[in-house]
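Only a predicted model underlies this, so the values are computations on that prediction, with no experimental measurement involved. Naming: A, B, ... by sequence-line order, numbering from 1 per chain.
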Number of protein chains: 2
Amino acid sequence: MTTEQVATPRPLRKDAARNRELLIEAAREVFARRGLEASLDDVAHHAGLGVGTAYRHFANKYELASALMEQTIETIVNSAEQAMLVDDPWEGLVAFLEASLVVQTADRGLREVLMGVHDPQKMAQVHDRLFGPISELLHRAQQSGAVREDADATDLGFINGMMCTVADMAGDSSPDLWRRYLTMCLDGLRPGGTAFPTAALSEPEFRDAMANHKHTLTRTTKDTSAGQDAPAKAATPAS
Amino acid sequence: MTTEQVATPRPLRKDAARNRELLIEAAREVFARRGLEASLDDVAHHAGLGVGTAYRHFANKYELASALMEQTIETIVNSAEQAMLVDDPWEGLVAFLEASLVVQTADRGLREVLMGVHDPQKMAQVHDRLFGPISELLHRAQQSGAVREDADATDLGFINGMMCTVADMAGDSSPDLWRRYLTMCLDGLRPGGTAFPTAALSEPEFRDAMANHKHTLTRTTKDTSAGQDAPAKAATPAS
DNA sequence: TTGAAGCGGAGGCATGATCTCCGGAAAGCC
DNA sequence: GGCTTTCCGGAGATCATGCCTCCGCTTCAA
């Protein structure tokens, strides 16, 4: 319908193209190490470029970051699909979790996106794409008797979240520590375990929880209950 | 040695005393719900008082918060000691974890203090007091054959951290969800599980990890590597 | 009744992130 | 080489936000 040439209005000058690549590379490193708390200014400096250059190429850090993440997220979705091809259902499930965590633990910015720290919508999109494959993986493992029947797909989401926490806590000095706790959790997913005292979240509940998730130290909505439930004027009544 | 009367220089006027109590009560609620991100201003408004009043009573929010927490932390230490009195070593261990998590999951500010979000020193103090009792609880359980031999006291620290994450994620709508995942983790602590692929952190390593723990979205040290590893001047060489 | 103690909250100070602007430096075409 | 276009750099404007002070007014209590 429309012309195809829209993608290349002008070829971009040589230095500009090079700097753009430098920026993307720098962003990858900076966001992976410090998360999206890093500013475009930081990225620019890390690339050895001026701030202006960065803002000329990308409107803001989220534009840059989401371009970067898109690709990685695709990787995760793919690994879910590939895990379905593994013969042993349990192995498949484990393979997926590990593959997905290898990527996540290496990239703090990605963890933040996946946990919906900055943009719940973005995260919701990702979950849309992942929920189906993950459910399948789980059900297949349950039908084969490898996973307890009362486990739920949202459990895998929480396990993922817990591993991210471990990665955050352990930091660069023990980058593989999460594997220890994943092993522990997976043993707890096997049949014959203690009955769960609490029901799993349903998928919509899970979605909600992630969206409203008050990340430690994230800016939250102001305290709107100010004074309403407190004695009006307290110890200084009007008369 | 010194006189005892230092504690009461002046009796504090009636309204002042009352407002002080109101502030403490408000702080308890506000910090529990929103964590230490809340400002003294927030606490004051929640108490129905002016900001000035708050600052007259407490130099800053940390002074107020740590006074508040002290008491709760004591509770946790006590519950560790009481857990040693439980006959069944496994039950004792579980009882301690649950008791400590009941307190923590109900109070986001406490979680932050215990995770060392704001003040690593404070956290270190708490860990000093907890490490001994927790180790004992664990070893006793291991000797009774209830817990796998290769589990470590630091594992309990990470399990605790993971449960806090669950609590953060689940929020107020599912305040007990952590029990589900604690059950899962505890099953994974039982003897006969899959071999761990990674060694546990040693206690000093654990301490370090907590102290340097880059909490999601916490302000961190600036990127000091700016430009050093990047091509100097990039696409704009000096001549 | 009257001075001391306490209150409220506007606003000053500090921090830090985001993004703009424009003089000057390449790039690329002739 | 000359000349236009594109791009660069980074100081600093703008905005957001949190912390805390200050001072005119209110309330307490002797």
Value in whole Å for how far the P atom of D:dC20 lies from NZ of B:Lys61 | 9 Å

Determine, for A:Arg18 against A:Asp15, whether the closest basic-nitrogen to carboxylate-oxygen distance falls under 4.0 angstrom.
-> no

Comparing nearest nucleotides in DNA chain C, the 5'-proximal residue of the pair B:Gly52, A:Asp41 is B:Gly52

Roughly how many Å is it from CZ in A:Arg56 to P in D:dT5, rounded to a whole number?
-> 17 Å

Under a 4.0 Å N-O cut-off, is there an ion pair linking B:Asp107 with B:Arg33?
-> no

Quick one: A:Leu40 CG to C:dT20 P, roughly how many Å, whole number?
-> 11 Å

Among C:dT18, C:dG8, D:dG9, which is the nearest nucleotide to the side chain of A:Leu49?
-> D:dG9

Give the rounded distance in Å between these two atoms: NE2 of A:His45 and C1' of D:dC8.
-> 13 Å

Kindly point out which of C:dT18, C:dG6, D:dT21 is positioned nearest to the side chain of B:Tyr55?
-> D:dT21

Would you say the ring centroid of A:Phe206 lies under 6.0 angstrom from that of A:Phe158?
-> yes

Whole-Å distance, B:Asp15 CG to C:dG8 C1', equals 13 Å

Using heavy atoms to find the nearest nucleotide of DNA chain D for B:Val51 and A:Ala17 separately, return the residue whose nucleotide is more 5′.
-> A:Ala17

Hey, does B:Asn60 reach any base, or is it just sugar-phosphate, or nothing, if we go heavy atoms under 4.0 Å?
-> sugar-phosphate

Should A:Lys14 be listed as having a side-chain N or O under 4.0 Å from OP1 or OP2 of C:dA26?
-> no

State whether A:Lys61 and A:Asp41 are salt-bridged, where the test is any N-O pair (Lys NZ or Arg NE/NH1/NH2 against Asp/Glu carboxylate O) under 4.0 Å.
-> no

Residue B:His57, side-chain heavy atoms: nucleotide from D:dC7, C:dT18, C:dC7 that is nearest = C:dC7

Rounded off to whole Å, could you give me the CG-to-P distance for the B:Leu23 and C:dG6 pair?
-> 13 Å

dist A:Leu114:CG -> A:Gln104:CD (nearest 0.5 Å) comes out at 5.0 Å

Does B:Arg13 put a side-chain nitrogen or oxygen below 4.0 Å from OP1 or OP2 of C:dA4?
-> no

Contact class for B:Ala44 vs. all strands (heavy atom < 4.0 Å): base, sugar-phosphate, or nothing?
-> nothing

Any donor-acceptor N/O pair under 3.5 Å between C:dC7 base and B:Asn19 side chain = no

Atom-pair distance (CD on B:Glu63; P on D:dC19), nearest Å = 15 Å

Please state how far atom CZ in B:Arg20 lies from atom P in C:dA5, giving the value in whole angstrom units.
-> 17 Å

Do the side-chain N or O atoms of B:Ser39 get closer than 4.0 angstrom to the phosphate oxygens (OP1, OP2) of D:dC19?
-> yes

